[in-house]
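Since the structure comes first, as structure tokens, the remarks are kept for the end.
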Amino acid sequence: MNRLLKVALAAGGGAAAAELARRALRSSRRYEPWERAPYRDFPKRVLIVGGGFAGYKAAETLCKLTRDRDDVGVMVVSRENYFTFWPMLASVISSDVQTQNVAQPLRRALIRLGASFRRAEVDGADPEKRIVTAGGREFPYEHLVLALGAEPAYFGIPGVEEHCISIRGIDAGERICNRVIERYEETTLEGEVPESRLTFVVIGGGATGVEVASELHSLVHDLLVPDYPNIDPHRVHIILVDANKEILKELDPALRRVARKKLADLHVEVLNNVRAREVTAEKVILNDGREIAAENVIWTAGARASVKLDDLPFPHDERKGLEVDRFMRVVGHENVWGIGDSAATLDASGKPVPPNAQAAVQEGEAVAKNVLAVIDGEEPEPFRYRPLGQLVEMGSEFAVNEVMGIKFSGFVAALFWRATYLYKLESPNSRVRIAADWLLDLFYDPPVTQIRR
Ligand SMILES: Cc1cc2nc3c(=O)[nH]c(=O)nc-3n(C[C@H](O)[C@H](O)[C@H](O)COP(=O)(O)OP(=O)(O)OC[C@H]3O[C@@H](n4cnc5c(N)ncnc54)[C@H](O)[C@@H]3O)c2cc1C
């Protein structure tokens, strides 16, 4: 990377880091958990299932609103004791961000807020008895907030689940990076390998697909070059397959064109208007009959609400999630609420709310206020979504952003992306570590190692 650009990038990161360090120090006041009674002792218990963007925000807001009350207890039950900061996951591919910093610690944050936390996988629920079962235990509630998130959808396409790397779980970035290293090691060992071994197909031309393809480019053309001097990076073929007429269909057309041109500059081949019909271990078969010989396929083309909803007795659409009213209450259940990617939330105007982090956070905050309103015998408010924009990073020096109607791209947009997501991270520790890594990267190339488990 050009040193001047690196310094400018660092300056942006440095300023953000200083501000974030100040915030970190301010927020380091410890909450003493023993000051609060156990969850079961509270007369009004709010159980939040799923501690991601939506569930965490709901818990945080409820705890802040009830700080001086002793009637409302909050518990979060979630599968992991961290939540995944998904917007930074693709950056793990090029080692721009480390996986452990994408994990936002849940337990410590919640305990400090005054909530209880249990790491457990939800098994079922009994709305009559007002009980959720998780990890073989029963958790009672007066109000239940379901925030189980989403997972990849494969649309029944043969071979996708079996042969593709999908963006599922916090280790997805590492798995993609490891695949590239694996192929490089095979190439250096065997000398000659078929072209398919060094062809990477990313299926899905939304923000995640574009970010993954760009990060793959950075890994191959920047980071791995000194480690593998015998492999010409141009032997690696990166292809983005998208079913739509254009990539990034949710962005403004001018930004889409900029992104398209950037991908062309990065030698990422884009195929639009075409779908994968089948994926095998050696190739991707497209619905127009073409075949791409590729042994590395990454699936980013679809998401659906958590499959766990199928085990719960609440009305839901398999793809869109829980059926909720405009107050985010699950249809037919006065005291059960659905938020985030696992709910088919409607805006007060009746329009569907997109499944993204900013919507999930806004829903979490709004549902906390509604739950409290109902507990206090007041009327809940319909949910009003305020779209703030979209940021798509294409490598560490380029982004295409649309923020409150303002469209911008390039290096400044990349700095904005970095500053925004640093600020949005929940963990002060991750903020400082990521900012420090970005500064260090100016002087030392981040090591790319493959930890084989
Ligand atoms: C790679 C990627 C990049 C993204 N980038 C962006 C972006 O740049 N901007 C943006 O706005 N949005 C982005 N999104 C979308 C955004 O991350 C989601 O919309 C957001 O995470 C939804 O929040 P949530 O709380 O509904 O789900 P999540 O944040 O996924 O949280 C769900 C929680 O439920 C828990 N859980 C799941 N099942 C169970 C179970 N059975 N029992 C107990 N707990 C369970 C999980 O452990 C998790 O903590 C991205 C998504 C992905 C996958």
Side-chain angles (χ1 to χ4, degrees), residues 47-59 76-93 102-107 110 117-125 132-135 139 145-153 165-173 176 202 204 206-212 215 248 250-251 298-312 321-322 328 338-345 353-364 367 385 387-393 399-402 417 420-421 424 426:
L47 183 64
I48 298 170
V49 175
F53 279 90
Y56 176 77
K57 192 66 186 180
V76 175
V77 173
S78 200
R79 197 165 45 194
E80 310 295 348
N81 69 2
Y82 59 82
F83 82 85
T84 306
F85 194 83
W86 293 110
M88 279 192 173
L89 191 97
S91 305
V92 173
I93 298 171
V102 174
Q104 301 297 287
L106 262 184
R107 172 174 282 282
L110 288 168
F117 175 76
R118 295 291 180 274
R119 188 194 66 183
E121 174 115 20
V122 169
D123 305 316
V132 164
T133 47
F139 296 89
V145 179
L146 294 164
L148 290 164
E151 47 199 86
I165 301 179
S166 64
I167 309 293
R168 184 185 200 137
I170 196 162
D171 62 344
I176 296 170
V202 180
T208 302
V210 168
E211 288 185 346
V212 166
E215 294 294 335
L248 296 171
E250 58 285 359
L251 272 194
I298 299 149
W299 178 259
T300 72
R304 53 152 295 169
S306 165
V307 288
K308 202 54 173 180
L309 294 178
D310 297 346
D311 299 336
L312 304 180
L322 290 158
M328 294 169 288
I339 53 173
D341 286 3
S342 63
T345 314
V353 175
N356 61 35
Q358 50 177 309
V361 167
Q362 290 176 27
E363 289 164 36
V367 89
Y385 175 52
L388 302 172
Q390 202 176 351
L391 317 179
V392 182
E393 200 197 31
V400 284
N401 298 343
E402 189 169 355
W417 187 98
T420 304
Y421 282 122
K424 296 267 177 201
E426 285 299 335

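In this chain, numbering begins with 1 at the start of the sequence shown. Each ligand, and each atom within it, is numbered from 1 in the order the structure gives.
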Taking side-chain hydrogen bond (donor to acceptor under 3.5 Å, both in side chains) as the test, write out the residues that go with T420, two or more places apart. none

Could you walk me through whether L391 and Y421 pass the side-chain contact (heavy atoms from CB on, under 4.5 Å) test, one step at a time? CA-CA 10 Å; L391 317 179; Y421 282 122; 3.9 Å; yes

Look only at the side chain of S166 and the backbone of W299, and say whether a donor-acceptor pair between them is shorter than 3.5 Å. no

Mind jotting down which protein residues get a heavy-atom contact under 4.0 Å with ligand 1? Chain and number order, please. G50, G51, G52, F53, A54, S78, R79, W86, P87, A120, E121, V122, A147, L148, G149, I167, T208, K308, G340, D341, P355, N356, A357, Q358, A360, Y421

Using side-chain contact (heavy atoms from CB on, under 4.5 Å) as the criterion, point out the one residue from V49, V122, V77 that pairs with F139. V77

N/O donor-acceptor pair under 3.5 Å between Q358 side chain and L388 backbone: yes

Rounded to the nearest 0.5 Å, the CD atom of Q104 sits from the OG1 atom of T84 at a distance of 9.0 Å

